[in-house]
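The block underneath contains the structure these notes are about, expressed in structure tokens.
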Amino acid sequence: MTAFEFEAAEAGEVGWAQLAFDASDTTGFLERFGQAMEAAPRDVSGEIILGAPRGDAMYAQAMLLVDSNDPDTILERLQPFAEIAPLLDQSVALAPYAAVIANAQDGGHRGAGTPMSRGGLVRHLTPELSAELARMLRSGGVQFFQARAVGGAVSDVPEDATAYAHRSANFSLTAMGRDASWLNAQWDALEEHVLGVYLSFEADPRGDRVERAFPPATLERLRALKARVDPTGLFRDNFALIPDAAAA
């Protein structure tokens, strides 16, 4: 993109919750989170984050936002999430929306090494998918796993209206680990559950990532546009679009 047009919308105070869970029943936790999120009204959104197990225990953090400044509404919306697993800690507050999205710490990070990232869009956290994800997480090879809600109003837009497709997905999944070969093997085994790829969370350089991100008709339109506005391939980093022969 070389230009954007923004239409601002006023945002006041919202309900902002951070919940810590005992997710040792990892399969059940993932499945119940998926059910709670899909059943929630559209004024609720959020994500869960899990890491490697600590002994036999697994822990999870949920970050949830309720688009309301009414305390009773906020608590009502959050109650189903509080019941998906034993709560270890909780923080629920009214906060300006600007404060919620500006919570990153200043300064450099202390990360080490180059993490491998795999991602995918899925319709549901089914019992089968939840069990496979739990096995992967329990292995200890994933340092960071996120399930992020992406349903709601996103699905009101036709899938062929924009480059972003797979709008029937309710969740975006991301896993990060240090061993690329191991993580690729684990993630490839989940392929039957994945609608498509969201490239911002994908680091697998093999094969058909672009084709998995865009449906055929959308990819054809994008390649024709690429051939017209960037025929020399100036923009070619990461998962570049390569014009097909017909478009070229």
Side-chain angles (χ1 to χ4, degrees), residues 8-111 115 117 119 122 124-125 130 133-134 136-138 140 142-154 170-176 198 200-201:
E10 185 175 355
E13 288 190 320
V14 295
W16 172 234
Q18 298 181 79
L19 311 178
F21 293 96
D22 179 348
S24 297
D25 174 15
T26 311
T27 299
F29 174 80
L30 292 169
E31 186 179 353
R32 289 189 291 272
F33 168 75
Q35 292 170 345
M37 185 57 75
E38 288 194 47
R42 287 189 174 189
D43 56 11
V44 180
S45 189
E47 62 189 46
I48 52 172
I49 296 173
L50 294 90
R54 301 180 186 178
D56 293 331
M58 285 285 292
Y59 301 102
Q61 179 184 11
M63 293 182 283
L64 303 166
L65 187 144
V66 181
D67 184 16
S68 173
N69 61 5
D70 176 57
D72 291 337
T73 299
I74 293 167
L75 294 177
E76 179 186 354
R77 298 288 196 265
L78 294 175
Q79 188 59 40
F81 295 95
E83 297 172 356
I84 64 178
L87 267 176
L88 303 176
D89 198 4
Q90 58 181 306
S91 170
V92 181
L94 274 173
Y97 180 71
V100 173
I101 64 171
N103 60 3
Q105 297 180 355
D106 291 334
H109 63 74
R110 296 183 296 276
S117 175
V122 301
H124 312 291
L125 292 173
S130 297
L133 290 170
M136 181 181 70
L137 291 168
R138 286 237 162 239
V142 173
Q143 282 69 50
F144 175 92
F145 172 81
Q146 177 193 70
R148 175 185 298 197
V150 294
V154 169
N170 286 302
F171 301 98
S172 170
L173 308 181
T174 308
M176 294 183 182
Y198 182 58
S200 291
F201 297 142

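One is the number of the first residue; the rest follow in order along the sequence.
One finds the CD1 atom of Ile48 at 7.0 Å from the CG atom of Leu125 (value rounded to the nearest 0.5 Å). Between His124 atom NE2 and Met37 atom CE the span is 14.5 Å, to the nearest 0.5 Å. The CG atom of Leu64 sits 12.0 Å away from the CD1 atom of Ile74 when rounded to the nearest 0.5 Å. To the nearest 0.5 Å, atom CG of residue Leu88 and atom OH of residue Tyr59 are 7.0 Å apart. Between Phe81 atom CZ and Leu87 atom CG the span is 12.5 Å, to the nearest 0.5 Å.
The minimum heavy-atom distance linking Val66 with Val14 is given by the pair O-CB, 3.4 Å. Nearest approach of Pro53 to Gly140, heavy atoms of both residues: CD-CA, 3.8 Å. Smallest separation of non-hydrogen atoms from Val150 and Phe171: CG2-N, 3.5 Å. Across all non-hydrogen atoms, the minimal contact from Leu30 to Ala134 is CD1-N, 4.2 Å. Taking all atoms of both residues into account, the shortest heavy-atom contact from Ser68 to Asp70 is OG-N, 3.1 Å.
Contact check for Tyr97 versus Leu65: side-chain heavy atoms found under the 4.5 Å cut-off. Between Trp16 and Met63, some side-chain heavy-atom pair lies under the 4.5 Å cut-off. Leu50 places none of its side-chain heavy atoms less than 4.5 Å from the side chain of Leu133. The side-chain heavy atoms of Met136 and Val142, taken from C-beta on, include a pair separated by under 4.5 Å. Between Leu173 and Phe145 there is a side-chain heavy-atom pair separated by less than 4.5 Å.
Among residue pairs with one or both ends in residues 18-43, those qualifying as salt bridge (charged side-chain N to carboxylate O under 4.0 Å, His left out) are Asp25-Arg32, Arg42-Asp156, Asp43-Arg77; sequence neighbours excluded.
Aromatic ring pairs are classed by plane angle as parallel below 30°, tilted from 30° to 60° and perpendicular above 60°; the pair Phe29 and Phe33 is parallel.
At least one donor-acceptor pair under 3.5 Å links the side chain of Arg138 to the backbone N or O of Asp56. Checking side-chain atoms of Ser117 against main-chain N and O of Phe201 turns up a donor-acceptor pair under 3.5 Å.
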